[in-house]
Structure formats: C-alpha cells, structure tokens
There are 2 protein chains.
Amino acid sequence: MAQTATTGKAAGSTRLDRRKARTRQALIDAAVGLIAEGRGERASIQEITDAADIGFGSFYNHFESKDELFRTASEEVLERWGRMIDRACADLGDPAEVFATSFRISGRLGWTHPDLARFITGAGLDLLDIPRGLAPRALRDIKLGQEAGRFTIPNAEVALSTVAGALLGLLRVHQQQPEQIDETAVDQLAEAILRMFGIPAREAKRVAARELPDIAAW
Amino acid sequence: MAQTATTGKAAGSTRLDRRKARTRQALIDAAVGLIAEGRGERASIQEITDAADIGFGSFYNHFESKDELFRTASEEVLERWGRMIDRACADLGDPAEVFATSFRISGRLGWTHPDLARFITGAGLDLLDIPRGLAPRALRDIKLGQEAGRFTIPNAEVALSTVAGALLGLLRVHQQQPEQIDETAVDQLAEAILRMFGIPAREAKRVAARELPDIAAW
C-alpha cells in the first residue's frame, strides 16, 4: 500500500477510498442515530441520506438496501453497548457478578432502548454469529467464570446459546405482553441462570440482587 | 359428511376432496422425506413434485410457495416426534422428570435424527411460534411444573425460550464441533436447566440421571 501510494493514480484512489469510507460511515452514523431515537425501522432512505448530509443517489454506492445499512448500524450499536457494559463492570472482580450485571443491563434494553431490543429479537439466535457486540462478550465472561471455577456448566458455547435464548425470550415477552414483565423479572432470570451455571441458589440470589453500576450515557 | 355422501354430486366432491387431500399429503410426505435427507432447503419444486409423483402444475393448487410446504412438513415431523415423546413419558408422574426426560430425548436428536436436528437449528427460535411439535409440549410441561410447585421460575414463556436456546445451542455445537458434545453433556444440560427452574441441585442431578424410557420407533 505505501509503495503504490507514491504513484499519482494510487494516491488518487486512496483519497477516493477515504472519501468513500467517510460517506459510508456518515450513513452508518445516521442510522445509529435513528436507531437511538427509536426510528430505525420507519426511516426512509431519503431521511437517512438527509441525516448523513449526502445525496440520495449515493446511498446505493455503499449499501444494497436499507436493511443492510441497519444491520451494519445495529452491529455497531451493539458493539458500543458492549463496550459500555465492559466499562460499567470494570471494577467487578467476581466473574459471576460480571456476568449477572451484564445480563441484567442487557435484559433492561426493552425499557432503555426498545429499538435495539427489536433488532435483537429480529436477529434471534443469529446474534451468536455476530463477531461483535453482546455475544462474544458473554462468551468471554462465561469462560472466565469457568476458569475461575465459579461456573460448573461444562460447555461455554451451549451456555451462551442458553443465555441468548433467555435474553431473547425476555425481550420478546416484553414486546408482546409488556404487562407480564418488569425489571424484577430480569433479575430473577439472571439469578436462575447463575443457578444453572452452578452457583449455589442462595448465593445466586445475592449476586443477582446487587446494586447495578451506573450506566454512563453513550 | 355421511349424509351428503349419499347424493351423487356430494359423493363426487367428496371423492375430489379425498383426492385433493391425498395429493396434498403426497407433497407433504415428499417434503418430509427431503427434510430427512437433509435437502429440505435446496430442493426445487420440480424435485418435490417428482418425488410426490404428481404434475408440476398442481403444486400451487395446494401450497402458495415451497416455504409454505416445508413449514407444514417440518411441523408434521416435529408433531410426530412430540407425540412419540408424550408416549415415552406417559408413565412418569413428576413434572420435573417429564420435562427432563423430554429434553434429554430431544437433545439426543443430533445423534438419533440429524436431519430433524438440522431443521430445528435452521428454524432457530421461530420454533417457538409453531403451534405443534416440541415447543407447545415443553410450554405445557413447564406450566405443569409451575402448578405443581416444582418449578419456581416465574415466567413460563421466558423459561421456554431459554430451554429452546439451550436445545439449539446443543444441536448447533453437535453439528459444528461434534467432538465437544456427548450424551453426558445433554444430561448435564438437563440437570442445569432443572436447577434454573428451581429444583435443588442435588435433586436435579438425580432426576436428570434416571434411566430414559424406551423410545418406540415412530
């Protein structure tokens, strides 16, 4: 790359690449903003290109469809969300508490970020295949808990899929029958999952009832 | 039906109804066979009508799309499977044992019926929306366990989704990294889910280790 950049043509195409990347990122940022405002699904391409301050016509130079843009943007939102949870849990030493805290924050997405919750329920277990965001972090935390001898459940991948099923079930019920779920239900589910992972029942109750760390605005 | 069948015209339309039903069933049976061969998703309508021994053109008299046929066929396969598990559990009195037994049999699908396992992993959590087969039975068993005071987990729908995530995770890992999973892992997961549902750890271990009933050929 450094070599070819010395020729005029290659330097030009590098500038073009950079401009293309900036436009693409502007579209993603606009979509992220619309998701954060809860308008992710209803926005038109015109609204998106307006928000990104680019011409309507260039949308399709970067994304094949609105869906593709929103998938990319949602992954980015989930990654930011994951980093935010990482920061919130940075001071916790016990892997069981890190896991429970992350789950309790994620389970509250239905209230705090309904759009993101809808993206998650829309993606379903395909979430597990997204290399960024919540799933890789949950897998990391499950493995840390296993290594520390806190979690006795044998297979981390199966445990992750179980947790994803739990989170998706929670968000689905919240969407479909919101009166059936409150934040206590999120904490009870975190407690139940800790029991499943091998934490003794009484301790699971205690860990899942700890005060949640302050979640910084993101 | 018996009355109208005595008139010539009605008898004729009844014959036609029966022929229509037979053709429809032949299409479903063909699809069930293709699912069993692991070609459910890739088969063309031509292949399906060839396998059913009917004309290509009559496909659309019975189904709007290939997807609709395969949904119907897969539901039928899962419903047969569900009835088989019901029979295998008919003599069990404890809802916790019924649940654990059903889960342990279903978790073994990766070994006993790899094609059905592939349909299940392909469907993902959409399984929960199918009104026949495994999901409604699991929900029934969870509710019976709640009513009997065996399961303390509060929301049956969320519990069901968690169990689905667990089963899907198990089947996925079995498909992708078969060396990581054996039948002991299935039983350990059943035990872990019982703990999650509120069964004390020691008892969960005992219930999930009981001898499995003989599974009749279906």
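Chain identifiers are assigned alphabetically (A, B, ...) following the order of the sequence lines, protein sequences preceding nucleic acid strands; residue numbering begins at 1 within each chain. Computation of the quantities below employed the complete heavy-atom set of this structure, encompassing side-chain atoms and omitting hydrogens, waters and symmetry-equivalent molecules. Remember, it's a predicted structure, so these values are computed and weren't measured experimentally.
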* Kindly say whether B/G165 contributes a backbone atom to a donor-acceptor pair with the side chain of A/S161 at under 3.5 angstrom? => yes
* Structure fact -> Counting heavy-atom pairs under 4.5 angstrom with chain A, the leader among B/L167, B/L160, B/L170, B/I153 is B/L170
* Structure fact -> The interface call for B/Q188 against chain A, heavy-atom contacts under 4.5 Å, is side chain
* Specify which of A/A166, A/G169, A/G124 makes the most heavy-atom pairs with chain B at under 4.5 Å. => A/A166
* Heavy atoms only, distances under 4.5 angstrom: which of A/A185, A/A164, A/G198 has the most pairs with chain B? Name it, please. => A/G198
* Heavy-atom side-chain contact between B/L194 and A/M196 under 4.5 Å -> no
* To do: Looking only at non-hydrogen atoms, find the nearest pair between A/R172 and B/D129 and report the distance.
  => NH2-OD1, 2.8 Å
* Take atom CD in B/E64; do more than 12 heavy atoms of anything else shown fall under 6.0 Å from it? -> no
* Quick one: what part of B/L125 sits under 4.5 Å from any heavy atom of chain A, side chain, backbone, both or neither? -> both
* Interface moiety of A/L189 toward chain B, non-hydrogen atoms closer than 4.5 Å -> side chain
* **Validation row: B/I181, A/E157 side chains within 4.5 angstrom (heavy atoms)** => no
* Structure fact -> Within residues 53-62 of chain B, contacts to chain A at heavy-atom distances under 4.5 Å involve none
* To do: For each of B/T152, B/I193, B/N155, tally heavy-atom pairs with chain A at distances under 4.5 Å, and name the one with the top tally.
  => B/N155
